[in-house]
Number of protein chains: 2
Amino acid sequence: MQTSTRDRIVVAAARLLQRQGYVGTGIKQIAREAQATLGSVYHFFPGGKEAVAVAAIRHSGEEFAALLRQALDGEDDPAQAVTSCARRLAGDLRESGWIDGCPVTAAALETLGTDSEIQQVCAEALRGWERLVSDKLLRCGFSSQDARELATTVIGALEGAEVTAQVTRSEEPLLTVGRQLARLVRSYEARGLGLPAGSLGPETDR
Amino acid sequence: MQTSTRDRIVVAAARLLQRQGYVGTGIKQIAREAQATLGSVYHFFPGGKEAVAVAAIRHSGEEFAALLRQALDGEDDPAQAVTSCARRLAGDLRESGWIDGCPVTAAALETLGTDSEIQQVCAEALRGWERLVSDKLLRCGFSSQDARELATTVIGALEGAEVTAQVTRSEEPLLTVGRQLARLVRSYEARGLGLPAGSLGPETDR
DNA sequence: CTCTGAATAGAGCGTTCGTTTTAGCAAGGG
DNA sequence: CCCTTGCTAAAACGAACGCTCTATTCAGAG
């Protein structure tokens, strides 16, 4: 066996949660999809469905963080880095047939009223992503507060645009928001303080 | 009887869908909450659960549109109008104990894979809200394309910030995004063309 | 009055839910 | 050899699911 049963369960659960949400995904379905049996699932996750979901969301969160980090590091200019994130998200979303959206949103919204551990894991994932954006901006010379506020905005806007893109089955919302976010970032650079040399760049829009 | 049974069903379904999503809300629960019986529900909605959800989401969409319209019309400056929306959303969200979020997001995400009519209604609601913002910007002298792109961004960002605020149980994401969106809108006004007299206003930040 | 159709009320259908329980299997140390 | 340990397999539990069905109530038209 190439991958461990536990890992297969986590990966399958992550994909199913991303597509169908928490209540919409059954334990038996997860087991079937992971080519495992119900006994195995409860063996590795005595905490039941919620424990599986927590592990799966944590996994998805780290996976998305890696994607984000890659897109951010691929561009020197922070504004272009943000549009690059949006383009990447749009492309992946289209490829999946508009169904593989944000891996935490659906599960988070469903478990808000409860005192589940799930929302806590979702909050950690969100904060982690904001941290990635914030660090990138700090490295580009943004002030601590500007970086934090922009990071909240970037992650929030991408999150919302992703939902809009899924519902309308179009890349346009994500691409548009990516452009506008870049403009917002540049509005800080214009009056920026202590920016590294050359960071204002050639102002190419693509 | 003050309100009709049908209306009670729609209102109860709308609130439950907003809080628990589509799969998480049962027909019997809707009937109980609406002080109706299962027979009444199927009498008014022969289409079953999905038909109830469609009517409920449509209702929620119009309700939210009214809130949006009110917040937008309350301010002359479009930038301040946007922050006003964010503040209003943040306040309402806090008052509800962080559970009454966007009325369409949860239901939309859960039914994406299916060919349900629900996602279509959600798309209509989103487009309607964007239209409200876009019209406001047009009235303030923005170009057609700028208004459209900004409207997509504003609605998307508010959507995402609302989710973030719910998950982290804090008004801060919504308020921050509201501020940044205002800045983005002003970045157009600064180089704006053909703005109505006085629309640049006194530049107060609150 | 009778008749009709809208509206209400709820039992019960088959299915699936999350979970528990019991049994079976292969590997390894005594 | 036995016996523990880690893991798999499957049957079964009570509860809840969406939905169908029949029975009942009630208002207004003829």
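Throughout, protein chains are lettered first and strands after them, A, B, ... in sequence-line order, and every chain is numbered starting at 1. Quick caveat: nothing in here was measured; it's all calculated off a predicted structure.
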#### Entry: B:R139 with B:D135: basic N within carboxylate O range, under 4.0 Å
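Looking at B:D135 together with B:R139, the answer is no, because their closest N to O distance does not fall below 4.0 Å.
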### Query
Just wondering, more than 12 heavy atoms not from B:Q35 lying within 6.0 Å of its CD?
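Counting other residues, nucleotides and ligands, CD of B:Q35 stays at 12 neighbours or fewer.
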Provide, to the nearest angstrom, the distance between the [atom1] atom belonging to [X] and the [atom2] atom belonging to [N].
| X | N | atom1 | atom2 | result |
| --- | --- | --- | --- | --- |
| A:D7 | D:dC7 | CG | C1' | 15 Å |
| A:R8 | D:dT8 | CZ | C1' | 11 Å |
| B:I9 | C:dA7 | CD1 | C1' | 11 Å |
| B:R6 | C:dT8 | CZ | C1' | 17 Å |
| B:H43 | D:dT24 | NE2 | C1' | 14 Å |

### Message
Tell me whether the side-chain N/O atoms of B:T5 come closer than 4.0 Å to OP1 or OP2 in C:dA7.
### Response
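It does not, given that no N or O in the side chain of B:T5 lies less than 4.0 Å from OP1 or OP2 of C:dA7.
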### Task
Kindly say if A:S40 contacts the phosphate of D:dT8, meaning a side-chain N or O under 4.0 Å from OP1 or OP2.
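So the side chain of A:S40 is within the cut-off, an N or O lying under 4.0 Å from OP1 or OP2 of D:dT8.
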Taking N or O atoms only and anything under 3.5 Å, show me the protein contacts with nucleotides 17-24 of chain C, one pair per line.
from: C:dG18; atom 1: OP1; to: A:T25; atom 2: O; distance (Å): 3.3
from: C:dG18; atom 1: OP1; to: A:K49; atom 2: NZ; distance (Å): 2.7
from: C:dG18; atom 1: OP2; to: A:I27; atom 2: N; distance (Å): 2.9
from: C:dG18; atom 1: O6; to: A:K28; atom 2: NZ; distance (Å): 3.2
from: C:dT19; atom 1: OP2; to: A:Y42; atom 2: OH; distance (Å): 2.8
from: C:dT19; atom 1: OP2; to: A:K49; atom 2: N; distance (Å): 2.9
from: C:dT19; atom 1: O5'; to: A:Y42; atom 2: OH; distance (Å): 3.3

### Message
Tell me which pairs pass side chain to side chain donor-acceptor pair (under 3.5 Å) where either residue lies in residues 51-73 of chain B, with sequence neighbours left out.
### Response
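Every candidate side chain to side chain donor-acceptor pair (under 3.5 Å) pair involving residues 51-73 of chain B fails, so no pair, neighbours aside, qualifies.
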#### Entry: Face-on cation placement of A:K136 at A:F142 ring, 6.0 Å and 45° thresholds
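Relative to the ring axis of A:F142, which defines the angle, A:K136 lies outside at least one limit.
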For residues 152-164 of chain A, which side-chain N or O atoms pair as donor and acceptor with protein atoms under 3.5 Å away, sequence neighbours left out?
from: A:T152; atom 1: OG1; to: A:E130; atom 2: OE1; distance (Å): 3.3
from: A:T152; atom 1: OG1; to: A:R148; atom 2: O; distance (Å): 3.2
from: A:T153; atom 1: OG1; to: A:E149; atom 2: O; distance (Å): 2.9
from: A:E159; atom 1: OE2; to: A:T105; atom 2: OG1; distance (Å): 2.6
from: A:E162; atom 1: OE2; to: A:C102; atom 2: N; distance (Å): 3.3
from: A:T164; atom 1: OG1; to: A:G160; atom 2: O; distance (Å): 3.0

### Query
Do you know which of A:I9, A:V52, A:V10 makes side-chain contact (heavy atoms from CB on, under 4.5 Å) with A:F44?
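Of the listed options, the one satisfying the test is A:I9.
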